[in-house]
Amino acid sequence: MHTGLKITAFAAALAATFGTAYGVGQALDPVVADRAPAHDERHAPSSPAARESGGGTGHDTTPAGGLQVSEHGYTLDLKTPRVTAGQRADLRFTVRDASGRPVTEYRREHDKELHLIVASRDLLTFRHLHPSRAADGTWSTPVDLPRAGGYRVFADFTPAEKGARNLTLGADLAASGTYRPQELPRATGTARVDGYEVRLTGGLRPGRAGELRLTVSRDGKPVTDLQPYLGAYGHLVALRAGDLAYLHVHPHGEPGDGKPPSGPGVSFTATAPSGGSYRLFLDFRHDGVVRTAAFTVRAGTGTTAPDAGTSEHSDGGHGH
């Protein structure tokens with residue numbers, strides 16, 4: 001998955017506005033500032049260390065995804081560019097080919113034809129959604145964004161056309177209301193969500209593959225029986241602060257026959273396209289519920305383990 005896109009003048013102007021009314025519109029589905037709703041889905045197994053920054057192996061510096069609305073002849077046509085914060089509405093979009101026709105055939109990856117990520121520009125709100133597709137190629141999903149401001153929509157898919165590659169296309173979304181910008185949370189080594197504590201160790205390095213390990217515990221005891229979610233024991237999305245460059249990373253190992261991972265925690269291999277701050281969102285499933293843990297990390301020279309001893313609560317969610 002890769003890509004590279006411009007931030008629109010509208011979104012840029014938005015980021016400079018403090019405490020003003022943001023846009024006008026309709027509505028969207030919750031993104032990141034509360035608890036992750038329960039969700040129970042399966043993903044097809046993925047190859048180790050694959051599909052990160054640009055869909056490569058994790059050992060090269062493929063461009064990050066989500067920065068372009070069009071790539072390799074495919075375009076993300078967002079039919080709902082504006083919503084109203086706090087109001088539920090249908091988010092609708094179409095993927096079009098080079099001739100402008102809606103794409104109606106996709107390869108299933110991780111048990112879905114298309115994965116949709118919605119994230120706020122301040123990276124405090126995050127949703128991993130799975131919209132439904134109509135026969136005419138129009139995708140839709142209910143959404144309800146909690147706060148006004150600028151958001152980014154990422155469509156992660158592979159067309160069924162022979163030789164087509166995996167793509168992550170991105171488009172801007174505005175949620176109207178009173179906009180109050182917030183700072184990116186500081187780098188964290190632990191996150192807490194619904195009584196679980198998730199600890200992050202390892203480093204995110206620019207231009208070089210690095211290992212990230214996330215261990216889950218509850219009531220002070222390691223959780224060693226994580227359940228497969230969409231074909232893996234955990235899913236990690238990384239977004240670069242500033243332009244929201246998109247990395248989607250999958251863990252080492254596959255569920256196979258459904259046995260739990262060996263030992264506590266899940267490991268990922270990731271390559272950051274550049275230095276800077278990144279926001280990591282880990283989806284994990286336990287006791288039949290999918291939860292999202294969020295971290296801020298800094299990628300620089302050498303090892304970039306996050307600050308130890310700090311913690312934060314997740315504000316993520318999932319959709320069908």
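Any value given below was found using the heavy atoms of this structure, including those in side chains, with hydrogens, waters and symmetry copies removed. Predicted, not measured: the structure shown is a model, and the values here were computed from it.
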Using 0.5 Å steps for rounding, measure from the [atom1] atom of [X] to the [atom2] atom of [Y].
X	Y	atom1	atom2	answer
T94	L78	OG1	CG	9.5 Å
L280	L214	CG	CG	7.5 Å
D194	R291	CG	CZ	5.0 Å
T80	L173	OG1	CG	8.0 Å
S70	L169	OG	CG	7.0 Å
L247	T271	CG	OG1	8.5 Å

- Query: By side-chain hydrogen bond (donor to acceptor under 3.5 Å, both in side chains), which residues pair with D219, not counting sequence neighbours?
  - Reply: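 D219 satisfies side-chain hydrogen bond (donor to acceptor under 3.5 Å, both in side chains) with no residue once adjacent residues are dropped.
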- Task: Could you pull out all residues at least two apart from E211 that satisfy side-chain hydrogen bond (donor to acceptor under 3.5 Å, both in side chains)?
- Result: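 In terms of side-chain hydrogen bond (donor to acceptor under 3.5 Å, both in side chains), with neighbours along the sequence ignored, E211 is linked to S267.
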- Message: Consider side-chain contact (heavy atoms from CB on, under 4.5 Å). Of V290, V198, V266, which one does F284 pass it with?
- Response: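 That would be V198; it is the only one of V290, V198, V266 passing the side-chain contact (heavy atoms from CB on, under 4.5 Å) with F284.
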- Contacts of R96 that satisfy salt bridge (Lys or Arg N to Asp or Glu O under 4.0 Å) - sequence neighbours left out: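 Checked R96 against salt bridge (Lys or Arg N to Asp or Glu O under 4.0 Å); matches are D77.
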- Quick one: list whatever passes salt bridge (Lys or Arg N to Asp or Glu O under 4.0 Å) with R218, sequence neighbours left out.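 Counting only residues at least two positions away or on another chain, R218 forms a salt bridge (Lys or Arg N to Asp or Glu O under 4.0 Å) with D287.
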- Message: Set out, in order, the CA-CA distance, both residues' side-chain angles and the distance that settles side-chain contact (heavy atoms from CB on, under 4.5 Å) for L200 and L212, then state yes or no.
- Response: CA-CA 7 Å; L200 170 66; L212 299 167; 4.2 Å; yes
Taking all heavy atoms of [X] and all of [Y], pick out the closest pair and write down the distance.
X	Y	result
P131	F93	CG-CZ, 3.9 Å
L226	V223	CD2-CG1, 3.9 Å
T269	A209	CG2-CB, 3.8 Å
V237	I117	CG2-CD1, 4.3 Å
P206	G275	CB-N, 3.5 Å
L123	A241	CD1-CA, 3.8 Å

Compare all side-chain heavy atoms of [X] with those of [Y] and state whether any distance is below 4.5 angstrom.
X	Y	answer
T138	R92	yes
L184	L124	no
V118	L145	yes
L116	V153	yes
Y106	V95	yes
T215	P222	no
S274	R240	yes
L244	R121	yes

- So D156 and L114, side-chain contact (heavy atoms from CB on, under 4.5 Å) or not? Walk me through it. CA-CA 6 Å; D156 174 0; L114 183 145; over 6 Å; no
- Query: Do the ring planes of H128 and H235 sit parallel (below 30°), tilted (30 to 60°) or perpendicular (above 60°)?
  - Reply: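 Plane angle over 60°, so perpendicular.
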Does [X] use its side chain to pair, donor to acceptor, with the backbone of [Y] at less than 3.5 Å?
X	Y	result
R298	L204	no
Q227	G288	yes
H72	N166	no
S120	Y151	no
R279	L239	no

- Does R133 pair with E113 as a salt bridge, N-O distance under 4.0 Å?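 Result for this pair is yes, salt bridge flagged.
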- Message: Just to verify, what does Y74 make a ring pair (Phe, Tyr, Trp, His ring centres under 6.0 Å) with, not counting sequence neighbours?
- Response: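 Once residues adjacent in sequence are excluded, Y74 has no partner under the ring pair (Phe, Tyr, Trp, His ring centres under 6.0 Å) criterion.
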- Non-neighbouring partners of Y278 that pass ring pair (Phe, Tyr, Trp, His ring centres under 6.0 Å), sequence neighbours left out: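 Y278 satisfies ring pair (Phe, Tyr, Trp, His ring centres under 6.0 Å) with no residue once adjacent residues are dropped.
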- Stepwise, does the side-chain contact (heavy atoms from CB on, under 4.5 Å) test hold for D111 with R108? CA-CA 6 Å; D111 201 36; R108 294 182 71 84; 3.6 Å; yes
- Task: Might you work through the side chain to side chain donor-acceptor pair (under 3.5 Å) test for T190 and E197, ending with a clear yes or no?
- Result: CA-CA 7 Å; T190 58; E197 181 177 280; 5.1 Å; no
- Taking the six-membered ring for Trp and the single ring otherwise, decide whether the centroids of F157 and W139 are under 6.0 Å apart.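 No.
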- Task: Apply side-chain contact (heavy atoms from CB on, under 4.5 Å) to Q182 and R147, showing your working.
- Result: CA-CA 11 Å; Q182 299 185 47; R147 298 180 298 119; 3.5 Å; yes
